[in-house]
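Take a look at the structure below.
Lettering of chains follows the sequences in order, A, B, ..., and the numbering in each one begins at 1. Nothing here was measured: the structure is a model prediction, and the numbers come from that model.
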Amino acid sequence: VITTITILIPLLGAILMLLLPDGERLVRYAALGVATVPLVLAVYIYFAFGDDLGIAALTQDVTWIRSLNIGYRVGLGGLGFGMFFLSTFLTVIAVLASWDVRNNLKQYFAALFVAEVGMLGVFAAQDLILFYVFFEVTLIPMYLLVGVWGDENRRPAAIKFFIYTFLGSTVMLAGFLAFGILADTYAMNDLGGGGGLSRTAQIAVAAPILFGLLVKVPAVPLHSWLLDVYVSSPTSTNVLLSGVLPKLGTYGLIAVAIPLLPQGVEPFLPYVAAFGVINIIYGAFVAFLQPDLKALVAYSSIGTLGFILLGAASGNAVGLNGAVFQQVSHGLYSALLFILVGIIAARTGTRRIEDLGGLAARMPWAGGLLALGALAAMGLPGLAVFVSEFMSIMGVYATFPVQGVLAALGIILSAMYLLYMLARVIFGPIERPAYEEIGDAGPAEMASVVPLAVLLLVLGIFPALLIGIQRPAVDAVLSVIGGS
Amino acid sequence: VTGQAFIALLPELISTGFLILVLMAGVFSDSNAGVAAGLAALGTLAVFGSAALLLATGFSGSYFGGGFVVDGFALYFKLIVAGSAFFAVLAAARWSGQTGDAPEYLTLILSVVLGSTLLVSMRDLFGVFLAIELATIPSYAMVAFDRSRRESAEGGMKYLITGVIASSVLLYGIVLIYGVSGSAMLQDVADTFSGNLTPVAVLGLVLMISGFAFKLSAAPFHFWTPDAYQGAPTSAAAFLSVGPKAATFAILLRILLEGMPDAAPTWTAVMAFLAIITMFVGNLFALRQRNVRRMLAYSSVAHSGYILAAFAAIQGGGVAFAVQAVLIYTAAYAIMNMGAFLVIDLVGEDTKSYNGIVRTNPGVAASMALFMAALVGIPPLSGFFGKLWIIIAGAQSGSVLVYIVVGALVVNTVLSVPYYFGIIRNMIFEEPTTDTARAKGSGAVRFCVYVLAVLTTLFGLIIIPLSALVRASGLV
């Protein structure tokens with residue numbers, strides 16, 4: 001029940017937002033208050049039930065459509081809890097980072113909270129159809145967040161985002177339906193290990209599901225919707241767009257496709273790993289060429305998503321734990337970088353890398369955190385990303401050595417463009433006289449980035465905080481797929 | 001005629017009674033549009049209530065020599081017809097008062113209700129024909145009723161001519177079937193349509209389905225639809241595209257399932273082709289429209305295609321789900337499409353008049369956005385559940401042709417995104433212009449739109465009792 005309450009609170013919050021009287025301070029504080037409640041509940045769940053989550057705890061099972069055997073089935077498991085927590089956390093961060101949104105603030109927060117309902121729902125869903133429904137619930141609010149509050153290129157970006165991901169998820173639904181019909185139920189805990197399907201049937205079902213999930217991630221040949229959307233979004237939307245949305249895809253891969261269709265997914269795993277490598281290397285090369293700081297961060301974000309695919313494909317404990325962990329650490333660092341880009345762009349009025357320079361002198365805090373974020377992105381030990389990328393590579397090397405070596409190479413490439421970016425943007429001489437005047441990040445802005453940096457450090461030093469929770473669930477997945 | 005038969009005919013008797021009352025209201029006074037509208041609304045509610053009562057008490061039976069049947073299936077569609085008529089009456093109340101002929105217009109709505117409620121209970125092919133005509137002939141007049149717009153007369157005329165042709169084709173098909181089987185009763189027809197079909201029987205079947213295709217605006221028999229819906233008063237287009245259409249789908253389903261179950265391989269194949277053509281024609285033409293009425297007209301063609309896809313899936317393991325899909329889809333479609341049409345009364349028919357209405361009229365903009373998203377089939381809105389059932393039925397049919405139909409349905413769903421979301425884009429992303437409509441239309445229309453928007457949104461909850469009702473409807 002606490003799971004359902006946590007999912008529904010943002011929905012009530014969205015309605016509350018629309019009913020509030022105008023008044024910017026009131027709306028911002030109310031939004032912050034609403035966003036905090038699910039976070040507090042998630043933290044409570046962590047401390048009260050964290051050790052016993054297993055595959056799915058705190059479940060609720062209500063029949064929804066009896067004739068189709070579809071139920072409202074939710075529960076929190078070790079695979080989903082990290083992202084469940086991160087969704088509540090990043091929503092708070094997104095509210096804090098919404099200083100660049102000035103028009104129609106109430107509606108903005110309402111859309112944000114409806115999106116949060118969908119995200120929380122996906123990470124808690126224990127029924128395939130419910131998973132799909134929540135998956136799609138995020139779609140319209142995200143479309144509005146980009147299309148109404150984005151920059152001048154927002155409309156084509158929003159519609160492109162919508163059509164691509166809608167196509168992907170419709171194909172995924174077809175796969176889910178075929179699966180449910182063949183297995184005669186949509187309840188995930190009855191479907192473990194393939195729900196009694198033959199290997200051929202599993203492969204046929206897995207193909208559309210994987211396609212839909214990989215579009216959502218996005219894996220590289222399917223990524224063409226992404227850049228415009230990321231670049232056009234307001235900063236606080238970016239936080240969710242890069243921090244949580246791709247994980248709907250990767251979480252689906254790890255928690256739905258792999259354990260429920262082990263034999264069906266198995267032939268595709270080398271390709272999933274290859275997609276991961278392509279993401280890493282392609283992301284690094286293209287990021288290198290970007291003149292726009294935000295586009296660079298966007299490609300960096302695509303690149304490091306590759307590690308999740310790698311770890312998921314590995315089929316062993318190290319890799320899977322790394323993949324589940326990387327979902328969280330990727331969310332933390334990409335949110336951090338996007339917010340900092342927003343702060344810098346707001347100060348200097350440009351995002352062009354060649355027009356920036358020497359910002360560390362004028363804004364030491366923001367510059368320092370940008371450096372921290374960039375170092376996290378290239379996998380510096382001591383930060384959360386290092387732990388998860390390292391585990392993913394170790395895991396995949398054991399299964400697919402070629403992909404493992406190539407992915408490790410990708411880390412070097414990412415170090416190249418990130419260091420180049422840092423050198424251009426924050427170090428060196430001050431590029432423009434106007435930059436002499438700009439100040440450092442203010443308290444509100446700091447409030448939105450410092451928690452991210454702290455969490456990156458904490459999880460980097462104490463990865464067991466998260467891995468302890470996810471391990472039982474990962475072991476359960478491994479026992480289904482027969483890995484070690 | 002026994003007492004039981006009177007109870008069985010309760011919805012029809014009530015609509016006849018109110019039909020006379022509303023007409024009388026017009027005879028005795030020139031200025032009582034309000035009374036007529038009130039009576040008509042009460043009448044549709046009474047029909048709805050009586051059908052619901054019969055359903056709740058589990059009433060069933062067949063009367064008049066087996067030609068008239070009351071079962072869960074028929075009552076379910078009577079609910080849809082009466083419910084959509086209720087909203088049509090409310091939406092038409094003020095507009096028809098302004099024309100000065102409110103009682104006449106409302107009488108036409110009630111006669112369509114009478115025809116449609118009779119239709120879904122028919123088990124006799126000639127009865128089917130009579131009921132269809134009883135529902136269709138008033139609808140020609142409804143379409144042509146708006147004398148202030150030339151398109152109305154033009155649309156009514158086109159609708160009349162094509163409708164009459166369709167009726168004669170349908171009748172010809174029925175007569176051939178009668179000639180082969182020597183009886184127009186569905187259970188006797190079923191004996192003839194087993195084993196190898198004679199050429200005459202096949203011809204009869206094809207002609208009858210063609211006649212229905214006209215009535216259901218299935219491609220390539222759809223060409224009257226955009227003109228008729230564009231010309232028709234909004235309440236007429238809204239009602240005719242959902243209420244009588246649902247009833248026509250229902251009786252087609254009954255004829256095929258009760259009258260020719262053994263010929264299923266033949267008619268499911270015909271339906272599969274009709275469905276594919278209809279979906280693509282509807283969506284591809286809808287993409288090109290700048291007028292919201294025409295767009296919704298083509299959209300209704302596309303949705304007929306989706307429902308026909310369910311007909312194609314009536315084979316193999318998909319039979320039960322396919323029949324359920326028709327019932328669920330028509331209910332979901334009635335809510336969302338009616339809402340979308342009624343918004344035209346509040347905003348306008350030019351897509352430009354939707355620009356930026358989120359700022360001037362946020363409630364209407366939000367409702368329209370919900371209707372559009374529901375028509376695409378985005379969960380958890382109403383349209384999603386209809387498509388869910390069709391896809392499940394198709395997947396269980398075990399026929400490659402049906403898999404292709406389901407694939408076409410998925411493709412068409414994505415294909416329909418640009419035009420539905422074009423409206424959302426105009427409403428939300430564009431700046432208001434001089435074309436942007438000021439709030440117009442009556443409070444009653446606004447009320448209908450809001451209620452329908454809430455029903456569309458909460459369909460995920462409505463589906464719980466609805467699916468139980470559908471499971472118990474008992475056609476298969």
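For the pair B/F384/A/L173, a side-chain contact is recorded, criterion being any heavy-atom separation below 4.5 Å from C-beta on. Annotation: side chain of A/L177 is in contact with side chain of B/L388 (closest heavy-atom distance under 4.5 Å). Side chains of A/F162 and B/I378 form a contact here, defined as non-hydrogen atoms less than 4.5 Å apart.
Contacts between A/I140 and chain B at a heavy-atom distance below 4.5 Å involve the side chain alone, from C-beta outward. For A/L182, no part lies near chain B; criterion is any non-hydrogen pair under 4.5 Å. Using a 4.5 Å cut-off between heavy atoms, B/I392 touches chain A through backbone and side chain atoms alike. Of the two parts of A/L167, the backbone and the side chain both hold a non-hydrogen atom closer than 4.5 Å to a non-hydrogen atom of chain B. With a 4.5 Å cut-off on non-hydrogen atoms, A/I181 touches chain B through its backbone and its side chain both.
Not counting sequence neighbours, A/T6 has no partner by the side-chain hydrogen bond (donor to acceptor under 3.5 Å, both in side chains) test. Residues satisfying the side chain to side chain contact (heavy atoms under 4.5 Å, CB included) criterion with A/I9, sequence neighbours excluded, are A/I5, A/V37, A/P38, A/L41. A/A178 meets the side chain to side chain contact (heavy atoms under 4.5 Å, CB included) test with A/V205; sequence neighbours excluded.
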Which atom pairs, one donor and one acceptor, sit under 3.5 Å between chain A and chain B?
from   : atom 1 : to     : atom 2 : distance (Å)
A/W64  : NE1    : B/G460 : O      : 2.6
A/R155 : NH2    : B/F429 : O      : 2.6

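Interface remark: of the candidates B/A373, B/G460, B/P418, B/A395, B/G460 forms the most heavy-atom pairs closer than 4.5 Å to chain A.
When all heavy atoms are compared, the tightest approach of B/P380 to A/V137 is CD-CG2, 4.0 Å.
Residue A/F211 places its CZ atom among more than 12 non-hydrogen atoms of other residues, nucleotides or ligands, all under 6.0 Å distant.
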Are A/L144 and B/I428 close enough, and set up right, to give a side chain to side chain contact (heavy atoms under 4.5 Å, CB included), and what steps lead you there? CA-CA 8 Å; A/L144 294 178; B/I428 295 175; 3.7 Å; yes
